[in-house]
Amino acid sequence: MIEDGATDKGSVTTVRRVGETIRRPAGAWTPAVHALLDHLQAAGFNQAPRALGTDGPDEVLSLLHGEPAFSPWPAALRSIAGISALGRWLRGYHDALQDFRPPTDAQWLGQETEWQPGMVIRHGDLGPWNSIWDGDRLAGFIDWDFAAPGHPLDDLAQLAWYAVPLRPAHQQNRAAITGEHALRDRLDALCVAYGAEPEAVLDALDALQTREADRIERLGALGHQPWAAFLARGDAAEMLGERAWLRAERLKLLR
C-alpha cells in the first residue's frame, strides 16, 4: 500500500497519500464522479473510495486499505474465489446504481454517449491494477476517472477481458494464470457471480474492443490526452490483436 506522504504515478495521473486520504488532480469530470461516489456511500456500498471534496487543484478521496493486483497477480485473485469476488463486487455496484440519476450538468472523461434509463455509470477501467486486496479480501476498486455512462454488460466484459484474463498466452503468463481450462473456468465463475451468460459477455467484449481501439485512434490522432499517449504506446493495435485472439479462442472459452 502506498506509504503516507508518498506519490504513485499511474498511466494517467499521479496520486499522493496524505494520512488516510488520497489526493489526485481534479478535472472537469470530478464533480460528476464525486456525485457518483456520494450516491454509493448513501446506498451503503462501501467498496469504493468516499469523495471528501477538493483541496486546491486536487480532489480528496478516502484511502482503501490493501494492495493493488499487479502482475504477477496475488494468489487471492488467481483463485476461483477471487474472480468470483470480482463478479459479486460488480453486481453489487450495479445494483447500488438502480436509482442513481447523473447530475444534469455532468461531464465525464471521454464520454461517448448520453446517459439514458437502463444504463449505468461504468467504472471504465476495471483492470486488476485498480482492484485493492486486503489479504484474501477484495476491498474494492479505485481510480474512477474514466467513469461514464454505458451498459452494464460492457463493464462486465471489460472486467472479464482484464481479470480472467481473456488475453493471449503472454498476458496469461504475466498474470500467472495457468492450466488447460483455467480461462473457461474463470469466465464461468465470474459470470455466475455476476449473473450473466458467458456467450453474451464474449459478444459484448468483441464490440467493446472494437470501440475502444477506434476511440484511441480517433481521439489520439486529435492529440486528446490520455488517448494520444495510449495511441503512441500501441494500445489500439494491441486491442485489435486481442480481439483477433478472442475470436479464435471463442469456442474453447464456451462450454
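More than 12 heavy atoms of other shown residues, nucleotides or ligands fall within 6.0 angstrom of atom CG in Asp134. More than 12 heavy atoms of other residues, nucleotides or ligands lie within 6.0 Å of CZ in Arg184, so this atom counts as buried by the packing criterion.
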> Could you walk me through whether Trp161 and Glu242 pass the side chain to side chain donor-acceptor pair (under 3.5 Å) check?
Replying inline: CA-CA 9 Å; Trp161 183 4; Glu242 294 188 5; 2.7 Å; yes

>> Applying side chain to side chain donor-acceptor pair (under 3.5 Å) to Gln158 and His123, what does each step give before you reach the verdict?
In response: CA-CA 10 Å; Gln158 186 181 54; His123 177 280; 5.4 Å; no

>> Using salt bridge (Lys or Arg N to Asp or Glu O under 4.0 Å), reason through Asp214 and Arg211 one step at a time and then give a plain yes or no.
In response: CA-CA 5 Å; Asp214 173 75; Arg211 292 197 307 273; over 6 Å; no

> salt bridge (Lys or Arg N to Asp or Glu O under 4.0 Å) between Asp203 and Arg250: does it pass, once the steps are laid out?
Replying inline: CA-CA 10 Å; Asp203 289 343; Arg250 180 184 178 92; 2.8 Å; yes

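Leu36 and Leu52 are assigned to two separate hydrophobic clusters, defined by single-linkage of ILVMFWY side chains at heavy-atom distances under 4.5 Å. Under a hydrophobic-cluster definition in which Ile, Leu, Val, Met, Phe, Trp and Tyr are linked whenever side-chain heavy atoms come within less than 4.5 Å, directly or via other members, Leu138 and Tyr162 are assigned to the same cluster.
Under the 4.0 Å criterion applied to side-chain N and carboxylate O atoms, Arg243 and Glu212 are not assigned as salt-bridge partners.
Put simply, the side chain of Arg174 reaches to within 4.5 Å of the side chain of Gln171, judged on heavy atoms.
Taking the six-membered ring where tryptophan is involved, the planes of Trp144 and Tyr93 are perpendicular, since the angle between them exceeds 60° and thus also 30°. Taking the six-membered ring for Trp and thresholds of 30 and 60 degrees, His94 and Tyr194 have ring planes more than 60 degrees apart, a perpendicular arrangement.
Between Phe146 and Trp108, the distance from one ring center to the other does not fall under 6.0 angstrom. Taking the six-membered ring wherever Trp is involved, the centroid distance between the rings of Trp133 and Phe141 does not fall below 6.0 Å.
Thr21 places no side-chain N or O within donor-acceptor distance of the main-chain N or O of Arg17, the cut-off being under 3.5 Å.
Only one option out of Thr7, Thr14, Asp145 pairs with Arg24 in a side chain to side chain donor-acceptor pair (under 3.5 Å); it is Asp145.
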